[in-house]
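Below is one structure; the comments refer to it alone.
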Amino acid sequence: MSALAKNYKRNKLSFKKGKGSYLISTHGEKYLDFVQGIAVNSLGHSNSKLNKAIQEQSKKLWHVSNAFKIPEGEKLAKKLVKRTFANAIIFQNSGAEATETAIKVARRYFFSIGEPKKNRVICIKNSFHGRTIAAIHASGSKKMTEGFGPKLPGFDHFEFGDHKKLKSLINNKTAAIMIETVMGEGGIKVIPNWCIKEIRKLCDKRNILLILDEVQCGIGRSGKFFAFEYAKVQPDIVPIAKGIGGGFPIGAVLMTKKVSKAMTPGTHGSTFGGNPLAMAVGNAVVDQINNKLLNNVNKMSKYFINKLNLLKLKYPKIIKEVRGLGLLIGIQLFYDQTRFIKKLMDNKLLTIRAAENVVRILPPLNVNKKEIDEALKIINKVCKQIK
Ligand SMILES: *Cc1c(COP(=O)(O)O)cnc(C)c1O
C-alpha cells in the first residue's frame, strides 16, 4: 500500500535512471522517453553540463534568503532580459506560481497607476495555468475547480476561437488577457500568429496587459526561444517554468519595465524562488538553448511532423490530425487515446495525453533523427495493431 495520496492516476512503471532521450525502468527495461517530465527535461536526462553545474554549486552554496543579493540569479535574469522583450524577472519555483505572480503583477500595475478597479483577467475556457486556487479558476475548467469553491472572482472566459465573445468581455475593469501561446494540456492548440497580433492590438487599444503563458511552450520548445516570437509581438508579462530548469524546479515571471515598476519592495516574495542552486542550473540550461539547438528543434520538428502526416494518410481512420509547434507535438485520434498510449508504452515509447484525444509528444530539444525514427516505427506498429 502506498502512503501517497491518490491524487494521481499513476502507471505501475517506475524508473531508476535516464540518459538523453532514454529511461531505464526499475526492472532494467529501456524506454524512449518522449514525455521528458512533461516538457521539463529540455536537454534530456542526465545532461553532463547540468550535472556539472549542480555538483559544483552544491559544494559551494545551496540556499540563502532573498533578503540578500544572489549573484547566480542576477546572472540568469540578465541573460533572460538580453534574449527577450523583458526588462525585469521574478524567480519562482513552478508554473502555477509563475502564472499567479503574472496575475499579481498585472493587478498591481493598475493599482500603482491609480486604477485599482481594473483587476479582471480574461482567459480561454479550459486552458491550463496550473493547479493552485487562482490558477484553476483562471483555467475556467469545471473538472479542475469542482469541489474547490467558493469560485474565485476576477476571471472571465471565452471559448478558444470565439473572438466576438472575447471582445464582449472587455470592459473598464479588464486588467489583462492571459493565454497560452500554445495550449499544451488543452490539446496542443497553436494560437495562430494573426490572432496573437490582433489580441495585442486589442490590448493596446483598450489599455490591457497581455500575459502569454509560456510555461510549456517556452525556452526553445517551439523552435524559437519563445513561441510568441513567431507572431512578432511583444507581450507585457510572461510566466515560464518547466523547460527553464531542465528538471530542477524553477519558475519565473518576465515583465516589461513599465509593469515592473509596480513591484516595489514587499509586494511579492518567495522563500525558495531563485536560490543559488536553482539559479546555477537555470544558467546552465539557458546557455545551452543556443541557435544550434533551436535549429535542431526546427529540423527535427519538420521531419517528425512530416512523417506523422504520412502515418495519418496511411491510417485515416485512426489519426485525425497532427499538430504542434517545434517539439510540442500532438497526434489527435478519432477516439479516446488511453489504449493507444498504453500500447506505445508496451512497445517502449513513452508519450502523454492532452485534451481532445491527443497523444502528446515531447522529446528533449536535443533529440536526433535516429530516435525519432525509432518512435515513428513504434507509432506505425501500434496503428497497425489497433486498426
Ligand atoms: C504545466 C503548466 C503550468 C503549471 O505548472 P506547474 O509547475 O505544474 O505548476 C502552467 N501553465 C502551463 C501552460 C503549463 O503547461
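Just follow the structure's listing: the first ligand is 1, and inside any ligand the first atom is 1. Residue numbers count from 1 along this sequence.
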### Query
Any nitrogen or oxygen of Gln216, main chain or side chain, under 3.5 Å from a nitrogen or oxygen of ligand 1?
yes

### Task
Measure the distance from atom 9 (O) of ligand 1 to every protein heavy atom, then report the residue, atom name and distance (to 0.1 Å) of the closest one.
Ala96 N, 2.7 Å

### Query
Do Glu198 and Lys201 sit within salt-bridge range, that is, some charged N less than 4.0 Å from a carboxylate O?
yes

### Message
Evaluate Glu97 for polar contact with ligand 1, using N/O atom pairs at a separation under 3.5 Å.
### Response
no

### Task
May I ask you to decide whether Asp346 forms a salt bridge with Arg339, counting only side-chain N to carboxylate O separations under 4.0 Å?
no

### Query
How close does the nearest protein non-hydrogen atom get to atom 10 (C) of ligand 1, and which residue and atom is it?
His129 C, 3.3 Å

### Query
Can a salt bridge be assigned to the pair Arg323 and Glu356 using a cut-off of 4.0 Å between side-chain N and carboxylate O?
yes

### Query
Among Gly95, Pro239, Ala98, which one has a heavy atom closest to atom 7 (O) of ligand 1?
Gly95

### Message
Students should be able to answer this: which protein heavy-atom is nearest to atom 14 (C) of ligand 1, and at what distance?
### Response
Lys242 NZ, 2.9 Å

### Message
Regarding Lys118 and Asn207, do their side chains bring together a donor and an acceptor under 3.5 Å, going by distance alone?
### Response
no

### Message
Does Lys19 form a salt bridge (charged side-chain N to carboxylate O under 4.0 Å, His left out) with Asp33? I'd like the steps, not just the answer.
### Response
CA-CA 10 Å; Lys19 183 76 198 162; Asp33 180 13; over 6 Å; no

#### Entry: Close-contact set for ligand 1 against Ser94 heavy atoms, below 4.0 Å
7 (O), 9 (O)

### Query
What do we get for Glu214 next to ligand 1 when only non-hydrogen atoms under 4.0 Å count, side chain, backbone, both or neither?
neither

### Message
Can you confirm whether Lys307 is buried at NZ, in the sense that more than 12 heavy atoms of other residues, nucleotides or ligands lie under 6.0 Å from that atom?
### Response
no

### Salt-bridge criterion met for Lys52 and Glu56 (N-O under 4.0 Å)
yes

### For atom 11 (N) of ligand 1, closest protein heavy-atom neighbour
Asp213 OD2, 2.8 Å

### Query
Side chain or backbone of Glu180 under 4.0 Å from ligand 1, or both, or neither, by non-hydrogen atoms?
side chain

